[in-house]
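Let me begin by handing over the structure; questions about it come next.
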Amino acid sequence: MTGITTTDLVKRFDDVTAVDGVDLNVREGEFLVLVGPSGCGKSTTLRLLAGLESPTAGAVEIADEDVTTASPSDRDVAMVFQNYALYPHMTARENMTFGLKTATDFSADAVDDRIAEAAGILDIEDLLDRTPSALSGGEQQRVAIGRALVRDPEVFLMDEPLSNLDAKLRVQMRAELAELHAELQTTTLYVTHDQVEAMTLGDRVAVMYDGEIQQIAPPQQLYDAPETRFVAEFIGSPGMNTVEGTLKRRGDAAHVTWGENSLSLPSAGAVKPYAGDRVVLGVRPEDLTQEMGGPLSMEVTVTEPLGDSLLTRGVVGDTEMEVSLPPRSAVDVGDVLSLTADPQRLHLFDIETGAALYHSAETVGSDAAEPPVADTQRSTT
Amino acid sequence: MSLDTEDTAVGARENEPLSVISDTRLVPGQWRVHLGLIGSILLMASPLLLAFVMSTQTVPEVYDITNVGIGSDGVANYVEVFTTYGMASYMFNSLVMSIVVTVAKIAVSLLAAVALVFYDFRFKNAIFFLILFTLMFPVPVRIVPLYEMMAALGWTNTLLALTGPYVASATAVFLLRQHFMSIPDSLVESAKVDGVGPLRFLWDVLIPMSRGMISGLSVITFIYAWNQYLWPLIVVSDQNKQVVQVGMKYLQSVGNAGQTDWGLIMAGAVLTLLPPLLALVAFRGPLLETFGLSE
Ligand SMILES: Nc1ncnc2c1ncn2[C@@H]1O[C@H](COP(=O)(O)OP(=O)(O)OP(=O)(O)O)[C@@H](O)[C@H]1O
Ligand SMILES: [Mg+2]
């Protein structure tokens, strides 16, 4: 049984294609996070699943049932909105029971039990008789989640539910959501533009860009083996450095050069075929280290002490790159650093399509056993 | 205007005597301002006060211009308009008309506004502008065709004819529409996902969320309906079905020896004023809210 399946889902508004052929497969009980930059079509995808928009093309299945044309209330989904969408004139309890009474046929006693249970899980027992205006943002969000919980739906749909909270509360609620899901095991599709949230919450993460899914994979695999240049640059904080260079092979050895800089690739035979000789090399800031006489030289332009590391930005060849140095490194703006990269952590992307050509790490990701075809393929066009 | 602002205002006055006009009460030295205010209030209220004074006077007392004290008739004029001239039935008819108009107008406008805001249909904006366009044709402008229509329907002299033309209201639709548009989409969507139907949404969400707007509109509509004169005069011919504003006209023809009994008329006028006044006083809060005047 599957949680949610979409087949070639397309949604066009007058002149924009918000969702452009999305194939999603959320397994039953899975927590899948849909992440991407603003305007990439995440909310639209979610609203298509909820039935709040009707697709231009494609099909939606929830719990093995085709619901493409079903009305929102017939889909057995509960949605949590970014702005909570609590009714301002109702108490928390009334907010939680209002939809419950129409969406389900619980008896009055059963309703009370469910409210009490959800309130217990979310720790809002004392707040049930207050109206939203007498609740803090975090408390309102709990009530909104509680409202979805009591419905006991087939699927939770959440659209950036934490983005109106302050940073500290967001981290706390994030942990609580993860706990909640571990307990309830309800299929959840969670939309966010915050990649940290995506990585920490998701069993798998789907990265979306410009209406298309770029890659769906477990968080670690997304980080270790991004399938497109976009995913590489989007995931990680900061994202991967990418630089255009020339790939030169000599026998089994190969290296990428740009300007005076050059990095050699181990086992270059694994590079997938591509057109031309220019490629995009990717290397994460945390995989670069300072080394006397290293192959790269960076002229420092900005330093950002983050406490646990010193993020240093500079120019290598003609390209901006970032490197994460140990904290309290003696680096000043204008210095020229000698850098080297961890040879096990290099990536190549096609310069035209952005598709990954090569990851130097031999074994990638923690979930190498993941069925690779069904849910990881999606390349840019 | 709380007490502490008063303190600071007084404090400020010590440094800068007489240069600041204080917005608080009870500030010594501002008596000229207060005198002016009291004077203008008296001036504006004078017709009302005079009407009240006259309603207690006998006919000769009314005609004595210099006599502006409480008259010797006391409440006799009030008793008389009720007992002899059927004021009670006029007021009752007006009350029925006003309530029917108010309830029907609000109900129709609510439904129209819901359709205009929450449903998608073709020519939605055109229809809305058509509704706004009707603002240019108030009832008095349409009296002749309306009367012909009522006659053709056989409705003349009935409550239907009295109230029907007032039920549709562009103003109410407009105000409710603007108010509904300020309700976040996500509330509507949340209701959709939960399977809450449109009528239940209207009743349990929209109406409670628009309580202030609806009571404000109701007061305005009630007073407006209560004050109608021309249309009832034309469409209702039975005196016992007539409304209070026209009933007042009947009082004018009463009187001895060619002298209009102003005492009687003023008693009727004061009575006629009371229900709208009560409505205004009772609902002043939501009324101010409706027009965004409350602080
Ligand atoms: N009702 C609509 N009419 C026209 N265009 C729309 C509509 N809704 C969304 N769009 C467009 O579709 C694209 C995707 O919008 P969507 O709301 O799905 O983005 P998002 O990924 O949720 O972004 P954000 O992170 O900012 O919420 C945007 O370009 C947006 O302008
Ligand atoms: Mg969005």
Side-chain angles (χ1 to χ4, degrees), chain A residues 43-44 46-54 62 67 70-91 94-105 131-133 140 143-145 147-161 164, chain B residues 106 110 113-126 175-218 283 285-290 292 294-295:
Chain A
S43 297
T44 308
L46 202 71
R47 293 163 55 79
L48 286 167
L49 296 181
L52 295 170
E53 306 275 2
S54 50
I62 292 177
V67 294
S71 75
S73 56
D74 292 337
R75 299 186 179 207
D76 200 14
V77 299
M79 194 152 165
V80 180
F81 295 85
Q82 177 175 353
N83 61 0
Y84 321 134
L86 295 175
Y87 302 111
H89 60 289
M90 298 185 191
T91 62
E94 287 164 346
N95 264 293
M96 286 163 77
T97 52
F98 183 61
L100 187 62
K101 283 178 182 157
T102 37
T104 58
D105 43 14
T131 55
S133 58
Q140 290 184 37
V143 173
I145 292 170
R147 177 167 69 175
L149 270 192
V150 292
R151 289 262 321 271
D152 191 20
E154 197 67 48
V155 169
F156 282 132
L157 301 174
M158 305 195 183
D159 193 355
E160 311 202 20
N164 283 4
Chain B
I106 299 290
L110 273 174
V114 166
L116 284 171
V117 175
F118 298 109
Y119 285 83
D120 272 328
F121 49 90
R122 263 143 57 89
F123 308 123
K124 189 155 117 170
N125 276 333
L175 287 175
L176 286 172
R177 171 183 179 266
Q178 298 314 102
H179 187 256
F180 286 171
M181 291 206 306
S182 71
I183 289 176
D185 288 342
S186 55
L187 283 191
V188 186
E189 291 175 349
S190 168
K192 276 190 197 162
V193 171
D194 288 342
V196 176
L199 284 181
R200 174 131 190 267
F201 185 71
L202 174 65
W203 189 254
D204 283 339
V205 179
L206 288 180
I207 292 182
M209 282 183 74
S210 325
R211 219 179 277 149
M213 174 66 73
I214 291 174
S215 7
L217 271 177
S218 302
F283 291 96
L287 193 66
L288 291 179
E289 194 181 306
T290 306
S294 58
E295 288 168 36

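Residue numbers begin at 1 in each chain, while the letters A, B, ... track the order of the sequences.
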Which heavy atom of Pro72(A) sits nearest to which heavy atom of Lys192(B), and what is that distance?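 Pro72(A) and Lys192(B) have their closest heavy atoms at CB-O, 3.7 Å.
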Leu206(B) CG to His89(A) NE2 distance, which is reported to the nearest 0.5 Å: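 Result: 8.5 Å between the selected atoms.
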Counting only non-hydrogen atoms closer than 4.5 Å, does Arg75(A) touch chain B with its backbone (N, CA, C, O), its side chain (CB onward), both, or neither?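 It is neither, since no heavy atom gets under 4.5 Å.
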Are the side chains of Pro184(B) and Asn83(A) in contact, using a 4.5 Å heavy-atom criterion?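 Yes, their side chains come closer than 4.5 Å.
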To check you understand the geometry: which heavy-atom pair defines the closest contact between Ala50(A) and Val193(B), and what is its length?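 Heavy atoms only, the tightest pair is CB-CG2, 4.5 Å.
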In this structure, are over 12 heavy atoms from other groups packed under 6.0 Å from Phe201(B) atom CZ?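 Buried by this count: over 12 neighbours within 6.0 Å.
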Minimum heavy-atom separation for Met90(A) and Asp204(B), please, with both atom names.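 Looking at all heavy atoms of both residues, the closest pair is CE-O, 3.6 Å.
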Working to the nearest 0.5 angstrom, can you tell me the gap between Ser190(B) OG and Phe98(A) CZ?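 The distance works out to 9.0 Å.
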Can you tell which part of Leu86(A) gets under 4.5 Å to a heavy atom of chain B, answering side chain, backbone, both or neither?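 Backbone only.
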Could you tell me which portion of Tyr87(A) (side chain, backbone, both or neither) has an atom closer than 4.5 angstrom to a non-hydrogen atom of chain B?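 Contact with chain B involves both backbone and side-chain atoms of Tyr87(A).
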So which heavy atom on Ala85(A) is nearest to which on Ser186(B), and how close?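 Looking at all heavy atoms of both residues, the closest pair is CB-OG, 3.5 Å.
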In this structure, are over 12 heavy atoms from other groups packed under 6.0 Å from Arg200(B) atom CZ?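 Correct, the count exceeds 12.
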Engaged part of Ala78(A) at the chain B interface, taking heavy atoms whose separation is under 4.5 Å: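 Just the backbone, heavy atoms under 4.5 Å.
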So for Asp185(B), is it side chain, backbone, both, or neither that comes closer than 4.5 Å to the heavy atoms of chain A?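 No part of Asp185(B) comes within 4.5 Å of chain A.
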